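Okay, structure first, notes after.
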There are 2 protein chains.
Amino acid sequence: MTRTSLSDVACSVARATDLFGDAWTALIMRDVLVGISRFDDIAHDLGISRKVLAARLARLVEEGVLVRERYQDQPPREDYHATEKGKELYPVLLALMSWGDKWYAGPAGPPLRVHHDTCGRTTTPVMTCEHCGEPVTIDNTSPRPGPGGAVGPGTMVIGQLVPTHSE
Amino acid sequence: MTRTSLSDVACSVARATDLFGDAWTALIMRDVLVGISRFDDIAHDLGISRKVLAARLARLVEEGVLVRERYQDQPPREDYHATEKGKELYPVLLALMSWGDKWYAGPAGPPLRVHHDTCGRTTTPVMTCEHCGEPVTIDNTSPRPGPGGAVGPGTMVIGQLVPTHSE
DNA sequence: CCCCTAGGTTCCCTCAGGGAACTTAGCAGG
DNA sequence: CCTGCTAAGTTCCCTGAGGGAACCTAGGGG
């Protein structure tokens with residue numbers, strides 16, 4: 001398939017998707033971030049093929065999202081931990097989880113809750129503006145061309161939309 | 001491949017990933033949300049195989065994320081628009097974009113900026129707690145079992161982690 | 001001596017994705 | 001009238017990625 005590599009496209013969604021837009025990668029990151037760090041544990045937890053898991057982990061290490069660390073010497077054993085870059089994928093997982101909770105939770109409610117240690121409450125995370133703190137939605141934002149080029153899939157349209165009408 | 005359907009797993013990340021954890025789906029949603037609504041336009045914009053695009057659109061309509069609407073009668077032509085459920089995927093895209101901007105933007109900066117109409121500024125969206133408004137990160141949160149069952153991949157670990165030590 | 005554990009690698013098979021040609025249906029031009 | 005264009009798919013064949021299970025390697029332990 002060669003999966004049409006998207007990393008060269010001038011769109012950060014495409015770049016992120018090139019790595020993260022894989023059924024397993026998100027779940028592997030969830031596991032690692034939640035504390036499941038060993039190969040066999042992840043494999044068993046997800047029911048993923050060991051071959052695919054090895055490939056995904058190698059890719060994630062290569063991308064600097066995970067690090068492979070030796071946790072004992074005799075015999076040598078390695079496990080995986082999130083780097084800063086990896087930890088910052090947490091909001092993506094939260095966004096996915098919130099959406100899944102809202103639209104797919106059964107009558108019993110969501111299978112998992114997130115406790116916000118800072119304020120001591122169960123939280124539903126919200127995407128807000130760093131400046132005003134108000135929620136950011138599709139309806140109260142508009143795309144603008146950025147400095148990093150405005151060509152390629154998707155971005156091309158922004159150049160057409162914005163100058164004419166700010167919709 | 002049958003891709004090991006994850007929708008039956010008691011984890012909202014897995015459920016969302018089952019739909020969204022696909023290289024193309026995120027990009028299709030980005031296009032539709034940004035105003036690219038016609039089949040040929042999306043196909044051309046993304047460079048996606050028409051066969052796969054038809055399949056993804058059908059799936060998204062089936063899931064209630066998009067609606068197929070007739071925009072002219074003679075000849076009959078249909079395009080695609082996001083439902084409320086679809087629009088709420090926007091935070092997921094924003095999270096992906098923010099992450100991609102931070103870690104993959106070239107020296108020129110991000111290819112696209114988001115203008116927050118509410119406050120009139122270019123925004124970097126942040127995941128915050130709905131209660132206290134403070135940022136939500138992996139380090140200041142802890143997972144708790146929810147009402148919707150605590151079995152299945154990933155969730156099983158929460159039950160082991162939380163009662164013993166809140167790490 | 002054999003087996004166990006942990007972290008992979010190798011094998012074969014199937015099926016999803018890529019790419020391009022074909023289909024359908026109305027309208028437009030010569 | 002015949003040809004061509006547009007938009008939205010559908011069909012075809014081919015490749016290669018994912019699933020599943022067996023195998024490999026290296027250090028302990030009984």
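It should be emphasised that the depicted structure is a prediction, and the values quoted were computed from it without experimental measurement. Just so we're on the same page: letters track the sequence lines, and every chain starts at 1.
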[N] [atom2] sits how many Å from [X] [atom1], rounded?
X	N	atom1	atom2	result
B:Asp18	D:dG18	CG	P	16 Å
A:His44	D:dG20	NE2	C1'	15 Å
A:Phe39	D:dT25	CZ	P	17 Å
B:Leu57	D:dA7	CG	P	16 Å
A:Leu53	D:dG20	CG	C1'	14 Å
B:Tyr71	D:dA7	OH	C1'	6 Å
A:Ile36	C:dG7	CD1	P	13 Å
A:Ile28	C:dG7	CD1	C1'	15 Å

Residues that B:Asp79 engages under side chain to side chain donor-acceptor pair (under 3.5 Å), provided they are two or more places apart
B:Ser37, B:His81

Run the side chain to side chain donor-acceptor pair (under 3.5 Å) test against B:Arg113 and tell me which residues pass, sequence neighbours left out.
none

If you pin A:Gln72 and A:Ala55 to their nearest nucleotides in DNA chain C, which one's is more 5'?
A:Gln72

I need the full list of salt bridge (Lys or Arg N to Asp or Glu O under 4.0 Å) pairs touching residues 103-112 of chain B, with sequence neighbours left out, sorted by first then second residue.
none

With sequence neighbours left out, what residues match A:Glu63 under side chain to side chain contact (heavy atoms under 4.5 Å, CB included)?
A:Leu19, A:Arg59, A:Val65, A:Lys85, B:Tyr104

Can you list everything that forms a side chain to side chain contact (heavy atoms under 4.5 Å, CB included) with A:Asp73? Sequence neighbours excluded, please.
A:Arg70

Which protein N or O atoms sit under 3.5 Å from an N or O of nucleotides 2-5 of chain C?
from	atom 1	to	atom 2	distance (Å)
C:dT5	O2	A:Arg77	NH2	2.9

So, does [X] get its side chain near the phosphate of [N], meaning an N or O under 4.0 Å from OP1 or OP2?
X	N	value
A:Arg56	D:dG18	yes
B:Tyr80	D:dA7	no
B:Trp24	C:dG18	yes

Return yes if the base of D:dA21 and the side-chain atoms of A:Arg50 contain a donor-acceptor N/O pair under 3.5 Å, otherwise no.
no

Nearest-nucleotide check on DNA chain D, A:Lys51 vs A:Pro76; residue mapping nearer the 5' end is A:Lys51

Go nucleotide by nucleotide along DNA chain D from the 5' end; which of A:Ser49 and A:Gln74 gets its closest nucleotide reached first?
A:Ser49

Does the side chain of B:Pro111 come within less than 4.5 Å of B:Asp101's, by heavy atoms?
yes

Taking the side chain as every heavy atom from C-beta outward, state whether A:Pro110 and B:Pro147 have any pair of such atoms under 4.5 Å apart.
yes

Touch class at under 4.0 angstrom, heavy-atom based, for A:Arg70 against every strand present
nothing

